[in-house]
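Numbering starts at 1 and runs along the sequence shown.
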Amino acid sequence: MSATKPQTAKKTSLSTHLLAGGAAGLAEAMCCHPLDTIKVRMQLKNSRRAALDPSAPKSFLGVGQRIVNREGVRALYKGLGAVVSGIVPKMAIRFSSFEYYKTLLANKDTGLVSTSGVFLAGLGSGVTEAVAVVTPMDVVKIRLQAQRHSTVDPLDVP
């Protein structure tokens with residue numbers, strides 16, 4: 001006897017998964033994107049140029065503050081459009097493929113999905129999402145984040 005209670009496969013429309021996933025993804029992107037932009041800038045920092053500029057910040061918060069001071073707050077959201085445009089299909093694929101894999105793994109007689117079946121459905125939906133949406137969208141996002149021009153000063157072009 002299993003220590004955990006098996007889950008039943010429920011029928012929910014694709015549009016429900018699309019809306020729920022899209023809303024969750026949008027909230028995630030709005031909160032986390034500035035942190036991701038700072039991380040990418042730190043990863044792309046030219047160490048030789050940083051050695052020539054002793055005032056260059058080395059901390060995570062220092063890099064964020066420097067971006068805001070030089071380029072404005074909106075610069076923390078560079079590449080957000082690419083992220084948001086990828087969130088709806090990403091979440092739709094994640095949520096709907098998870099439910100689809102659960103139905104494939106459900107017991108044919110009872111309709112119940114074991115804990116290991118739920119785990120495998122989650123694993124499969126993550127792989128499906130990564131191949132179909134995440135990898136191509138990350139390439140676009142990182143290229144946009146790497147731009148070093150001000151969003152405040154229109155004359156400051158890359």
Side-chain angles (χ1 to χ4, degrees), residues 1-46 57-68 71-151 158:
M1 182 170 178
S2 175
T4 59
K5 183 179 176 184
Q7 296 183 8
T8 11
K10 297 177 185 174
K11 299 284 184 193
T12 309
S13 70
L14 179 62
S15 62
T16 301
H17 297 298
L18 177 67
L19 291 173
L26 180 60
E28 173 192 341
M30 295 300 293
C31 294
C32 297
H33 193 75
L35 305 175
D36 191 51
T37 299
I38 296 168
K39 176 198 75 165
V40 167
R41 289 288 183 92
M42 290 180 82
Q43 290 171 331
L44 295 173
K45 183 171 53 175
N46 183 335
K58 300 191 182 6
S59 72
F60 188 81
L61 293 176
V63 171
Q65 186 63 45
R66 187 170 188 155
I67 292 170
V68 170
E71 303 172 48
V73 174
R74 288 179 19 189
L76 293 173
Y77 289 93
K78 283 181 177 177
L80 182 64
V83 172
V84 170
S85 68
I87 278 178
V88 172
K90 171 185 163 182
M91 292 302 187
I93 288 170
R94 178 190 294 171
F95 280 47
S96 59
S97 64
F98 176 72
E99 293 300 324
Y100 175 72
Y101 294 142
K102 271 182 29 182
T103 60
L104 291 178
L105 297 167
N107 183 301
K108 302 301 179 210
D109 298 328
T110 63
L112 298 176
V113 182
S114 68
T115 303
S116 60
V118 172
F119 173 78
L120 290 173
L123 182 65
S125 67
V127 169
T128 303
E129 164 193 350
V131 170
V133 180
V134 174
T135 302
M137 292 308 296
D138 269 359
V139 170
V140 173
K141 176 195 72 156
I142 289 170
R143 287 182 181 168
L144 290 169
Q145 287 174 326
Q147 294 176 355
R148 296 182 187 270
H149 68 283
S150 174
T151 56

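Looking at every heavy atom in both residues, Val133 comes nearest to Lys90 through CG1-CB, 3.7 Å. Gly64 and Leu76 make their closest contact through O-CD2, 4.4 Å (heavy atoms, listed as atom of the first residue, atom of the second, distance). The minimum heavy-atom distance between Ile67 and Ala75, with the atom names listed, is CG2-CB, 3.7 Å. Taking each heavy atom of Cys31 and Pro34 in turn, the nearest pair found is O-CD, 3.8 Å. Scanning all heavy atoms of the two residues, the minimum distance from Gly111 to Ala106 falls at O-CB, 3.8 Å.
Put simply, OH on Tyr100 and CG on Leu105 are 10.0 Å apart, with the number rounded to the nearest 0.5 Å. A distance of 10.5 Å separates OG of Ser96 from CD of Glu129, quoted to the nearest 0.5 Å. Arg94 contributes atom CZ, which lies 11.5 Å from atom OG1 of Thr128 (distance to the nearest 0.5 angstrom). For the atom pair CZ of Arg41 and OG1 of Thr37, the computed distance is 7.5 Å after rounding to the nearest 0.5 Å. Within the model, atoms NZ of Lys39 and NE2 of His33 stand 10.5 Å from one another, a figure rounded to the nearest 0.5 Å. Atom CG of residue Asp138 and atom CG of residue Asp36 lie 7.5 Å apart, to the nearest 0.5 angstrom.
The number of heavy-atom neighbours closer than 6.0 Å to CZ of Phe60, taken from other residues, nucleotides and ligands shown, is above 12.
For Thr135 (side chain) and Val131 (main-chain N/O), no donor-acceptor pair under 3.5 Å exists by modelled atom type.
Put simply, the residue from Val40, Ile38, Leu44 that forms a side-chain contact (heavy atoms from CB on, under 4.5 Å) with Met42 is Ile38.
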